[in-house]
Amino acid sequence: MSETVRTIRFTLNGETRTAQIEPHWNLVDLLTRLDLFGARESCAQGLCGCCTVIVDGTAVSGCLHLAAFADGATLSTIEDSHGLDAVQQAFIDTGALQCGFCTPGFILMTRQLLAAHPDPDDDTIRHYLAGNLCRCGAYAEIIEAVKLAAKRPKA
Amino acid sequence: MRAFELVEPATLREAAASLGADDSTIRPIAGGTAIVLMMKAGVFRPERLVSLRRIERRHAAIERTAEGGLHIGAMATLTALEHSADIRAAAPVIARMLRNHSNVRVRNVATVGGNLAHADPNMDMPPVLIALGARVTTISSDGERSIAVEDLPAGFYQTVLKPNELIAALEIPAQHARRSAYLKCTTRAAHDWPTLGIAVSLGDNDARIVISAATERPMRLTAAENEFRDPRKAAEAAADTVKIMPDARGSIPYKRQLVRVYVERALRAAMEAAS
């Protein structure tokens, strides 16, 4: 490794971690080296949401977020769960996924959406999730899943 | 992307000092949504990035001024602007525009200073700020200066900022009874980059009409402004005089026809908007 390597400290899914990173790594580069594959780089332009990571409570596109910016931060990924929560169960119950590639991003963004809008209408859901793409085209079921999750008690 | 040096100064002043006076391989990074894309595409290969994320928190503040305008730190995120009660009170057109701007994750980290410094001609924020008569305050080793947002872009992805000059804050004057609107035409999804953006700020005796995403840089449509009382005439004047730059989202004739339609609609929207 080169002289640009730096050590960062952060909290990842509840555990304190340190990692040696290169300044040009993004969050997905960091997470995959830690054997976490839920955040996937797909469009690589911040458009599709497959690489969604929650940083200090805020959703970011992991493909555009420098890993160096995780120093001192609290990261949460789709792997940060114990059993299925109401959002995940609603996606299963409504059939809101086919191949599942985009699903971690949709689940994480839906949790953010419901935290900000506990009872969202279609327009709010469509605007909030406009930055998440599902190539299987399960959008109708995804909107249904969000509304179902909103109705259910939070896990 | 390839390795580079990353420095994270604690103050805006230090950050400006860390930028080279004449070295295009040293650039600032704030949210990174634009510059990381350019690095991934290989169009920008930095030797050093100066991160602004550790500078004083006051540079992310959004405040109402005593005169009724807004003082916005350059590090304020687009999400912070979107949800600010002060923005909604003093310049609601900004909050309305942001709802269809990029997406939640980009808005969460992208900053208003970065948005302006990037000088991408295909954006929603600059034309709105130009219509509102906004100015930026900048800092460099030479001191501070104030630049109208209208004068900030020098061309395609270029600004009048010097290599070691940083935007510190955005100043939006009190709008009083002025009414504003922004209309964006997209040809794919609603949140896409605009194929055309038209911002209008309407006073009793004048209008500022600004075009984006169809010209080399966002600019006032003075021929349309002179006819602002008649939206149809204004739209024809704009379409007849504007020098269109085509891109993947539209040819010259297509964008010219959009100008003909959207300048009229934007003027009517401003006339109907609450002040």
Side-chain angles (χ1 to χ4, degrees), chain A residues 1-6 8 21-29 39 41 43-73 105 108-110 112-113 115-117 123-133 139, chain B residues 1-8 10 27-42 44-54 60 77-80 82-83 95-111 114 118 120 186 188-193:
Chain A
M1 290 195 150
S2 74
E3 62 198 25
T4 53
V5 168
R6 57 170 62 202
I8 59 168
I21 61 154
E22 287 277 3
H24 59 286
W25 286 7
N26 64 33
L27 277 185
V28 180
D29 295 326
E41 186 153 340
C43 77
Q45 298 179 61
L47 303 173
C48 78
C50 292
C51 64
T52 300
V53 178
I54 309 300
V55 179
D56 293 328
T58 301
V60 309
S61 288
C63 75
L64 296 183
H65 204 81
L66 292 183
F69 289 0
D71 193 21
L108 292 172
M109 290 306 291
T110 299
Q112 301 292 110
L113 159 62
H117 308 276
D123 186 58
T124 303
I125 297 170
R126 285 167 189 273
H127 269 279
Y128 205 95
L129 298 181
N132 287 70
L133 302 181
Y139 294 111
Chain B
M1 288 196 287
R2 59 175 201 176
F4 49 84
E5 182 194 3
L6 179 70
V7 295
E8 299 189 300
R27 300 305 301 145
I29 178 170
T33 50
I35 201 169
V36 173
L37 269 182
M38 297 181 99
M39 286 157 59
K40 284 182 148 186
F44 176 57
R45 295 191 171 87
E47 292 296 328
R48 182 198 295 165
L49 286 185
V50 178
S51 166
L52 304 175
R53 73 187 187 109
R54 299 223 189 265
T77 64
L78 303 191
T79 291
E82 183 184 3
H83 299 296
R96 288 197 299 268
M97 172 272 293
L98 283 172
R99 195 167 185 242
N100 286 320
H101 186 293
S102 60
N103 61 52
V104 173
R105 290 178 311 280
V106 168
R107 299 201 296 270
N108 279 347
V109 295
T111 64
H118 184 44
D120 180 342
T186 60
R188 298 183 297 189
H191 288 230
D192 197 4
W193 277 278

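Just the heavy atoms: all of them, side chains too, but no hydrogens, waters or symmetry mates, feed the values below. A note on names: the letters A, B, ... follow the listed sequences, proteins ahead of strands, and every chain is numbered from 1.
- No part of Ser102(B) comes within reach of chain A, as not one of its non-hydrogen atoms sits under 4.5 angstrom from that chain.
- Between Gln112(A) and Thr52(A), every side-chain heavy-atom pair lies at or beyond the 4.5 Å cut-off.
- Among the candidates Val106(B), Asp192(B), Ile29(B), the residue making the largest number of heavy-atom pairs closer than 4.5 Å to chain A is Ile29(B).
- Arg45(B) places no side-chain N or O within donor-acceptor distance of the main-chain N or O of Arg2(B), the cut-off being under 3.5 Å.
- Under the ring pair (Phe, Tyr, Trp, His ring centres under 6.0 Å) criterion, His65(A) pairs with Phe69(A), sequence neighbours left out.
- With a 4.5 Å cut-off on non-hydrogen atoms, Asp29(A) does not touch chain B at all.
- Scanning for salt bridge (charged side-chain N to carboxylate O under 4.0 Å, His left out) contacts around Glu8(B) gives Arg6(A), Arg53(B), Arg54(B), with sequence neighbours left out.
- Per-residue counts of heavy-atom pairs under 4.5 Å with chain B were compared for Ala68(A), Ser61(A), Ala130(A); the largest is that of Ser61(A).
- The aromatic rings of Tyr128(A) and His117(A) lie perpendicular to each other, with more than 60° between the two planes, well past the 30° mark.
- In this structure, no portion of Cys51(A) lies under 4.5 Å from any heavy atom of chain B.
- Using a 4.5 Å cut-off between heavy atoms, Leu113(A) does not touch chain B at all.
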